[in-house]
K.L.:
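After the structure tokens below, expect a handful of questions from me.
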Amino acid sequence: MMNLLQAVEIPSDSLKVLPKVAEITKGVAEGNVHWDQVITQMISWSLDAGKHILVALVVYLIGHYLIKLLNYLLARFLERRKVEISVQTFVRSFVSILLQVLLIISVVGALGVNTTSFAALLASFGVAIGMALSGNLQNFAGGIIILFLKPYKVGDWVEAQGTSGAVQAIQIFHTILLTADGKLIYVPNGAMSSGTITNYTLTPTRRVEWVIGIEYGEDVEKARKLVLDILQSDKRVKDDPAPTVVLSELNNSSVDMTIRCWVDNDDYWNVLFQTREKIYNTFNANGIGFPFPQVTVHQARG
């Protein structure tokens, strides 16, 4: 018990309470204690403890307000300096955690505990936690690598670690992705910095590709001309490189045509879905049939 008290160096005035408590307890047991003195002493202790608690509460409330104010001022400063959103989210997350730790130390100091020894104890505890959570240290280092190398930034559409989405924030431990169906996914920065990342936003254009199957016996050249007419009439499709339509494979039940064209990044999804629908309607209108799986059964003659 004393070793623990010495480790955090509780003030000497507080340590004087222990022998007094033992003395009063002994007096109660022997029946020779004056209750008015006990009540007076208890009130004195309560007032002293209440003073420390009240001060700690005031420190917490003021500190909490100051942290919100500093975070707001930091955000405004970074915005006025036109710092990248990726760096802003990382710095704000790091500063917020640091200020919260300082507030905890201040509150503990206001309770009467020696903050120097408490800080040393907290540092030792932090080392132990750091060893246990070495993965988070890797994620922290990964976040710094991402900010310096910039494989992606906030707003980019990326594919990594088996998921894809728009980068919402780069925090000190995680990168937050917003998927196409509205889900927020937290991906560790360590994995993001060391794994394969596909960034679809870095280049201004993107290639769209379809594989369309038609029935055996259909006129491939006619189908090719219909597709090219669709693509060339679409102003979103680039002329250079020119669209291509090739016979790519002869499958069991279909003749597959691979269609490729280039569009601006922002037009990718609309062109992908709308052109597929146009091809389907145009082929139906011109009598070009789409295949379905078929099985030919030969009956042996006995």
Side-chain angles (χ1 to χ4, degrees), residues 60-107 122 125-127 129-206 263-270 272-273:
Y60 172 77
L61 293 176
I62 295 176
H64 184 69
Y65 171 78
L66 289 177
I67 288 176
K68 292 180 63 177
L69 178 62
L70 290 174
N71 285 332
Y72 172 77
L73 294 176
L74 177 62
R76 293 291 301 275
F77 173 78
L78 294 175
E79 289 176 1
R80 285 197 299 267
R81 292 283 182 172
K82 296 182 179 180
V83 179
E84 287 188 6
I85 301 296
S86 308
V87 179
Q88 288 187 34
T89 55
F90 185 89
V91 171
R92 288 170 59 184
S93 178
F94 177 75
V95 171
S96 178
I97 293 176
L98 180 62
L99 292 176
Q100 292 290 346
V101 172
L102 293 177
L103 177 59
I104 293 174
I105 295 176
S106 300
V107 170
L122 185 64
F125 184 71
V127 171
I129 294 297
M131 294 177 63
L133 302 176
S134 57
N136 280 334
L137 297 180
Q138 180 185 1
N139 293 335
F140 177 76
I144 296 177
I145 292 173
I146 291 170
L147 291 178
F148 276 98
L149 299 182
K150 299 180 181 179
Y152 58 85
K153 61 182 183 298
V154 171
D156 287 355
W157 187 276
V158 300
E159 181 178 344
Q161 302 300 311
T163 187
S164 61
V167 179
Q168 295 294 293
I170 303 174
Q171 298 183 339
I172 62 173
F173 296 132
H174 296 88
T175 292
I176 303 177
L177 300 181
L178 178 63
T179 63
D181 56 350
K183 294 184 292 187
L184 284 177
I185 299 181
Y186 290 73
V187 185
N189 285 336
M192 292 292 284
S193 64
S194 60
T196 301
I197 301 173
T198 303
N199 191 327
Y200 294 102
T201 311
L202 288 181
T203 54
T205 58
R206 186 173 173 186
V263 299
D264 290 334
N265 240 317
D266 295 337
D267 295 328
Y268 176 83
W269 293 107
N270 288 331
L272 176 68
F273 297 127

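All values below were derived from every heavy atom in this structure, side-chain atoms included, with hydrogens, water molecules and symmetry-related copies excluded. Bear in mind the structure is a predicted one, so any value in this text is a computation, not a measurement.
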K.L.:
List in chain and number order the residues that pass side chain to side chain contact (heavy atoms under 4.5 Å, CB included) with Leu149, two or more places apart in sequence or in another chain; answer none if no residue qualifies.
P.N.:
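Partners of Leu149 by the side chain to side chain contact (heavy atoms under 4.5 Å, CB included) criterion, ordered by chain and then number, come out as Ile145, Pro151.
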
K.L.:
Which residues satisfy the side-chain hydrogen bond (donor to acceptor under 3.5 Å, both in side chains) test with Asp264, sequence neighbours excluded?
P.N.:
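Asp264 satisfies side-chain hydrogen bond (donor to acceptor under 3.5 Å, both in side chains) with Lys238 only.
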
K.L.:
Only pairs at least two apart or in different chains count here, so list each salt bridge (charged side-chain N to carboxylate O under 4.0 Å, His left out) that has a residue in residues 159-176.
P.N.:
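Counting only pairs at least two positions apart or across chains, no salt bridge (charged side-chain N to carboxylate O under 4.0 Å, His left out) contact touches residues 159-176.
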
K.L.:
Check salt bridge (charged side-chain N to carboxylate O under 4.0 Å, His left out) between Lys68 and all other residues, then give those that pass, not counting sequence neighbours.
P.N.:
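If we apply the salt bridge (charged side-chain N to carboxylate O under 4.0 Å, His left out) test to Lys68, skipping adjacent residues, there are no hits.
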
K.L.:
Would you say the side chain of Val158 lies within less than 4.5 Å of the side chain of Val167, judging by non-hydrogen atoms?
P.N.:
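Side chain of Val167 against side chain of Val158, heavy atoms only: contact under 4.5 Å found.
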
K.L.:
Kindly indicate whether the side chain of Trp157, heavy atoms from C-beta on, has any atom under 4.5 Å from the side chain of Ser164.
P.N.:
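Counting from C-beta outward, Trp157 and Ser164 do come under 4.5 Å.
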
K.L.:
Return each pair, listed once, that meets side-chain hydrogen bond (donor to acceptor under 3.5 Å, both in side chains) where at least one residue sits in residues 90-101; pairs must be two or more places apart or across chains.
P.N.:
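Sorted pair list comes back empty.
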
K.L.:
Below 4.5 Å, heavy atoms only, C-beta onward: do Leu74 and Leu78 meet side chain to side chain?
P.N.:
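Yes, close enough: below the 4.5 Å cut-off.
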
K.L.:
The criterion is side chain to side chain contact (heavy atoms under 4.5 Å, CB included); which residues satisfy it with Ala141, sequence neighbours excluded?
P.N.:
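If we apply the side chain to side chain contact (heavy atoms under 4.5 Å, CB included) test to Ala141, skipping adjacent residues, there are no hits.
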
K.L.:
By the definition side chain to side chain contact (heavy atoms under 4.5 Å, CB included), identify the one residue from Ile185, Ile176, Leu177 that meets it with Gln168.
P.N.:
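Output: one option passes, namely Ile176.
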
K.L.:
Do Tyr152 and Ile146 have side-chain heavy atoms sitting under 4.5 Å apart?
P.N.:
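Result yes, sub-4.5 Å side-chain heavy-atom pair found.
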
K.L.:
Say you draw a straight line from CZ of Arg206 to CG of Leu272; how long is it, rounded to the nearest 0.5 Å?
P.N.:
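Reported value, rounded in 0.5 Å steps: 8.5 Å.
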
K.L.:
For residues 179-189, which residue pairs qualify under side-chain hydrogen bond (donor to acceptor under 3.5 Å, both in side chains), counting only residues two or more places apart or in two chains?
P.N.:
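Output for this query lists Thr175-Asn189, Thr179-Asp181.
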
K.L.:
Who pairs with Asn199 by side-chain hydrogen bond (donor to acceptor under 3.5 Å, both in side chains), at least two apart in sequence or on another chain?
P.N.:
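Residues passing side-chain hydrogen bond (donor to acceptor under 3.5 Å, both in side chains) with Asn199: Asp156.
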
K.L.:
So, taking the atom named CG in Leu102 and the one named CD1 in Ile97, what distance separates them when rounded to the nearest 0.5 Å?
P.N.:
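Spacing of CG (Leu102) from CD1 (Ile97) equals 12.0 Å.
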
K.L.:
Between Gly63 and Leu103, which heavy-atom pair has the shortest distance, and what is it?
P.N.:
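In terms of heavy atoms, the two residues are closest at CA-CD1, 3.7 Å.
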
K.L.:
For Leu70 and Leu99, what are the C-alpha separation, side-chain angles and deciding distance, and is it a side chain to side chain contact (heavy atoms under 4.5 Å, CB included)?
P.N.:
CA-CA 9 Å; Leu70 290 174; Leu99 292 176; 4.2 Å; yes

K.L.:
Quick one: side chain to side chain contact (heavy atoms under 4.5 Å, CB included) partners of Phe273, sequence neighbours excluded?
P.N.:
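Scan of Phe273 (side chain to side chain contact (heavy atoms under 4.5 Å, CB included), adjacent residues dropped) gives Trp269, Arg276.
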
K.L.:
Any heavy-atom pair between the side chains of Tyr268 and Tyr200 that's under 4.5 Å?
P.N.:
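No. Closest side-chain heavy atoms not under 4.5 Å.
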
K.L.:
Compare every heavy atom of Met192 with every heavy atom of Ala160, then report the nearest pair and how far apart it is.
P.N.:
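So the two residues come closest at CB-SD, 3.7 Å.
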
K.L.:
Any ring-ring contact (aromatic ring centres under 6.0 Å, His included) involving residues 61-87? Give me the pairs, sequence neighbours left out, ordered by first then second residue.
P.N.:
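Only Tyr60-His64 qualify under ring-ring contact (aromatic ring centres under 6.0 Å, His included).
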
K.L.:
Is there a donor-acceptor pair closer than 3.5 Å between any side-chain N or O of Asn265 and the backbone N or O of Thr203?
P.N.:
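Pair found, side chain donor or acceptor close to backbone of Thr203.
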
K.L.:
So which atom in Gly142 and which in Ser193 form the shortest heavy-atom distance, rounded to 0.1 Å?
P.N.:
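Closest approach of Gly142 to Ser193: CA-OG, 3.5 Å.
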
K.L.:
State which residue, out of Leu69, Ile67, Leu73, fulfils the side chain to side chain contact (heavy atoms under 4.5 Å, CB included) condition with Asn71.
P.N.:
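Going through Leu69, Ile67, Leu73 one by one, the side chain to side chain contact (heavy atoms under 4.5 Å, CB included) with Asn71 is satisfied by Ile67 alone.
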
